[in-house]
Amino acid sequence: MALRNICVIGDEVLRKKAREVTVFDDRLSELIDDMIETMSFENRGIGLAAPQVGILRRVFVVDVGDEHGLLEFVNPEIVSSEGKVMSSEGCLSVPERGGTVERPEKLIIKAQNRKGESFELEAEGLLAICICHEYDHLEGVLFVDKLVEVEETT
Ligand code: GNR
Ligand code: NI
């Protein structure tokens, strides 16, 4: 396991669309383990997407500290979403900036794990918000693109 460097806004890797994972091998497992380590130990984030560590693959990890614990998503698809909430966000790739964006209240996401097994999950609250934030990273979108209100946080 190793910590990876986090790319920050201005780096064009954050603006590209990530590609599907097609090979479920040890390299994928290592990437996911490194992302978990980078997210939780160094920066204490609640989520991290592969493009943030410079890898343009459709992978993210999330741990919002709820009963779901640590979750890994490979090739995620947001199947449905409902409701709207205002979400005050920050991003490890956008240092020292915060702001409010609109997110769904609830969603259903389908994805694969590191072995390629499919699963579906219903999420709400902070978990749904974080999943949307990470999903956006796979599309090259940052929360600052969607601001409804600017804050001076983090
Ligand atoms: O650490 C993070 N906190 C956060 C707070 C509100 C909404 C989303 C997030 S995700 C962010 C980590 C990160 O940048 N993930 O891509
Ligand atoms: Ni982010």
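A heavy-atom distance below 4.5 Å is not found between the side chains of D34 and L31. Side-chain contact between V53 and N5 is absent, with no heavy atoms from C-beta onward closer than 4.5 Å. In this structure the side chain of L147 reaches within 4.5 angstrom of the side chain of V101, judged on heavy atoms. M35 has its side chain out of reach of R4: every pair of non-hydrogen atoms, C-beta onward, lies at least 4.5 Å apart. With contacts defined as side-chain heavy-atom distances shorter than 4.5 Å, the pair L142/I9 qualifies.
Cluster annotation: V61 and F73 are assigned to distinct hydrophobic clusters (Ile/Leu/Val/Met/Phe/Trp/Tyr, side-chain heavy-atom contacts under 4.5 Å, transitive). The cluster map of Ile, Leu, Val, Met, Phe, Trp and Tyr, joined by side-chain heavy atoms under 4.5 Å apart, puts I108 and Y135 in different clusters. At a threshold of 4.5 Å between side-chain heavy atoms, the hydrophobic network of Ile, Leu, Val, Met, Phe, Trp and Tyr places I78 and I46 in one connected group. Placement of L71 and L138 within a single hydrophobic cluster is found when ILVMFWY residues are connected by side-chain heavy-atom separations under 4.5 Å, directly or transitively. Residues F60 and V141 fall into different hydrophobic clusters, defined by Ile, Leu, Val, Met, Phe, Trp and Tyr side chains chained together at heavy-atom separations under 4.5 Å.
With hydrogens and angles disregarded, no donor-acceptor distance shorter than 3.5 Å links the side chain of E134 to the backbone of I131. Counting only distance, with no hydrogens or angles, the side chain of E37 and the backbone of A2 share a donor-acceptor pair below 3.5 Å. In this structure a side-chain-to-backbone donor-acceptor pair under 3.5 Å is missing from D11 to L14. Side chain of R57 to backbone of A18: no donor-acceptor contact under 3.5 angstrom is found. Under the 3.5 Å distance criterion, the side-chain polar atoms of S93 are matched with a main-chain donor or acceptor of C7.
The two atoms that bring S81 and P104 nearest to each other are CB-CB, 3.7 Å, heavy atoms only. Across all their heavy atoms, F24 and N113 have their closest contact at CE2-O, 3.5 Å. Pairing each heavy atom of L121 with each of H68, the nearest pair is CD1-CD2, 3.7 Å. Contact record, H137 with P51: O-CG, 3.7 Å, taken as the closest heavy-atom pair. Closest of all the heavy-atom pairs between C132 and L107 is SG-CD2, 3.5 Å. For V21 against N75, the heavy-atom pair with the smallest separation is N-OD1, 2.7 Å.
A salt bridge does not link E102 with K146: every distance from a Lys NZ or Arg NE/NH1/NH2 to an Asp or Glu carboxylate oxygen is 4.0 Å or more. At a threshold of 4.0 Å, the pair E139-R58 counts as salt-bridged, since one of the basic side-chain nitrogens sits closer than that to a carboxylate oxygen. At a threshold of 4.0 Å, the pair R15-D145 counts as salt-bridged, since one of the basic side-chain nitrogens sits closer than that to a carboxylate oxygen. Using a 4.0 Å cut-off between charged side-chain N and carboxylate O, E89 and R103 make a salt bridge.
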Chi angles and distances behind the side chain to side chain contact (heavy atoms under 4.5 Å, CB included) call for L126, D66
CA-CA 9 Å; L126 186 57; D66 69 0; over 6 Å; no

Going through the distances and angles, do V8 and V94 end up as a side chain to side chain contact (heavy atoms under 4.5 Å, CB included)?
CA-CA 6 Å; V8 296; V94 188; over 6 Å; no

Derivation and outcome, side chain to side chain contact (heavy atoms under 4.5 Å, CB included), residues V144 and R97:
CA-CA 9 Å; V144 288; R97 275 164 76 186; 3.7 Å; yes

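Around CG of D26, the count of heavy atoms belonging to other residues, nucleotides or ligands within 6.0 Å does not exceed 12. Crowding of E12 atom CD: a count of heavy atoms from other residues, nucleotides or ligands under 6.0 Å not exceeding 12.
Rounded to the nearest 0.5 Å, atoms CG (L127) and NZ (K106) are 13.0 Å apart. How far CG of L92 is from CD of Q52: 6.0 Å, rounded to the nearest 0.5 Å. Atom CZ of residue R27 and atom CD1 of residue I32 lie 12.5 Å apart, to the nearest 0.5 angstrom.
Classification of the H133-F143 ring pair by plane angle, with boundaries at 30° and 60°, yields parallel.
Tested against I36, the residues D63, L48, L70 include a single side-chain contact (heavy atoms from CB on, under 4.5 Å) partner, L70. Considering R114, K115, E72 as possible partners of S29, the one that fulfils the side chain to side chain donor-acceptor pair (under 3.5 Å) test is R114.
Inspection of the S118 and Q112 side chains reveals no N or O donor paired with an N or O acceptor under 3.5 Å.
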